[in-house]
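Okay, structure first, notes after.
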Protein chains: 2
Amino acid sequence: MTGQSLIQDDAMVFSASTPETPSRWKRRKEARPEEILGAALELFTEKGFAATRMDDVAKLAGISKGTLYNYFESKESIFHAVVQELIAPQIEEFESMIARYDGPTDHLLRQLIRTWWTRVGETRLSAIPKIVISESGNFPELAQYFVDNVVKRARKLFTDIISKGVVTGEFNTVEPRTVARLIVAPLVYATIWQHSLQPFDDDYLSDEYIDTHIKFILRSLIKDQRIDL
Amino acid sequence: MTGQSLIQDDAMVFSASTPETPSRWKRRKEARPEEILGAALELFTEKGFAATRMDDVAKLAGISKGTLYNYFESKESIFHAVVQELIAPQIEEFESMIARYDGPTDHLLRQLIRTWWTRVGETRLSAIPKIVISESGNFPELAQYFVDNVVKRARKLFTDIISKGVVTGEFNTVEPRTVARLIVAPLVYATIWQHSLQPFDDDYLSDEYIDTHIKFILRSLIKDQRIDL
DNA sequence: TGTTATTTAATGACTGGTCAGTCATTAATT
DNA sequence: AATTAATGACTGACCAGTCATTAAATAACA
């Protein structure tokens, strides 16, 4: 997936293709919030929170600044909504995916990492960690919300899987919380990298990165050392 | 090491301990630049670049705002100096450490990771990655400088070590650049975490994190699978 | 050695520009 | 005709950077 945004860029059409639209603007109450959040996500990612101007968010969303304030209280509330609306559904999906699963624990772990990568790492959601981390000092409530509702739940997913593998004897005896963090670190780091220094580096992260990460982690976890996959 | 700063907090002493210092301020041409950079590093880390006020940098450095501009051109030049002055010497030290080394490659790798952790991860230098990443969109030249002078050199250090291990037959056949990134990711991620969301999390990163990371990496690299250290 | 002149580190009130948020007005829709 | 989505000029706060002024340090001189 490329960085293509969800924002309409046909917001202002002056072409004479359809002569029956000389109206200066349209009422689109339902579509606005999503478009605003999409525009904000894009700009927050690129510039950070402080350096993003509300005029620019409005422009990218195809509306005026005043309209922003019909839908959101403040700049900060947009920031909060971006995180809340876009992340929460994902976490829930992961939680139910695990609840449903029945099979070898190493397969579950492999599948969870891969799914996370395709559903978060390769989508626009990947921008959120960078934004939250960058602004954590200025927006403590947001940071706290993110830690409680995203980080801890994600950490628990991985910790539970590893614990299960240890208990069933499939995995070596390890400290599940520490290993959970070592699994997540390269994943989140890759998303932060993509949205910060990657554009300044001519060396791209290949798919091999994730594949090798999975391979290394499983090699240390699985007792019976088959050197496959 | 605690977050203790290098800033003098005795900058304004009104106590009557030494009655012969009623002078309103002191000339300290030599000490100022370092104090300014220390103050700036602390505030940039906490608030990010944009949200840090020059008045606050001055206050923390124990001087007035005007004095800042006797020593630095602009806010941005302070930012640049922070990165340049503090990071460059470290990288050079690592490069010479490797040049000097002669012994088993896995020991060198282990030592490099540990040294990085004590010289960067556990010091105030650990704040720099977070700052650079947060502001990369607004300060492209700084980001480029950082990628060219820090990231690439660090990446090369690790890539060279791994290549050497593969060539000598000590390590399994792996893609050195990919593995180098997987080694660095949890390290840098830990520093970013410390300076962003750690304060909102009751669960601390233990020393076990680094130890386990080293153990996992070496287990995947070393051919002869002894299950020690 | 004490007094005065010169140099320059340090100050902080001020300016000019920026931008989040407001609100009276306009016009699309019902 | 009534309702309300949308507008954009405006305001008040904030802050990076300036510069005329102050005074610490040092040199020159008596």
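Convention: sequence-line order gives letters A, B, ...; per-chain numbering from 1.
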| note | With B for base contact, S for sugar-phosphate-only contact and - for none (protein heavy atoms under 4.0 Å), nucleotides 18-27 of chain C reads -SBBB---SB
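Using a 4.5 Å heavy-atom cutoff, the side chains of B:Met54 and B:Tyr69 are in contact. Residues A:Ile183 and A:Ile162 form a side-chain contact, since some pair of their non-hydrogen atoms from C-beta on lies under 4.5 Å apart.
For A:Arg28 and D:dA6, the CZ to P distance is 8 Å, given to the nearest whole Å. Protein atom NZ of A:Lys29 is 14 Å distant from nucleotide atom C1' of C:dA28, rounded to whole Å. The interatomic distance linking A:Ile63 (CD1) with C:dA28 (P) rounds to 17 Å, in whole Å. Put simply, CG on B:Leu68 is 11 Å from C1' on D:dA16, counting in whole angstrom units.
In this structure, B:Phe49 and B:Phe79 have parallel ring planes: the angle between them is below the 30° cut-off, well short of the 60° mark.
For DNA chain C, no neighbouring residue in residues 135-143 of chain B is found when judged by any heavy atom under 4.0 Å.
Closest approach of B:Arg32 and B:Lys26 over heavy atoms only: NH2-O, 2.9 Å.
Within 6.0 Å of atom CZ in A:Arg153, more than 12 heavy atoms from other residues, nucleotides or ligands are found, so the atom counts as buried in its surroundings.
Using a 4.0 Å heavy-atom criterion, one finds that B:Tyr71 contacts the sugar-phosphate atoms exclusively.
Between atom CD1 of residue A:Ile192 and atom CG of residue A:Leu197 there is a gap of 10.5 Å, rounded to the nearest 0.5 Å.
Between B:Lys47 and B:Asp56 there is no salt bridge, since no side-chain N of the basic residue sits under 4.0 Å from a carboxylate O of the acidic one. By the 4.0 Å N-to-carboxylate-O rule, A:Asp211 lies close enough to A:Arg114 to be salt-bridged with it.
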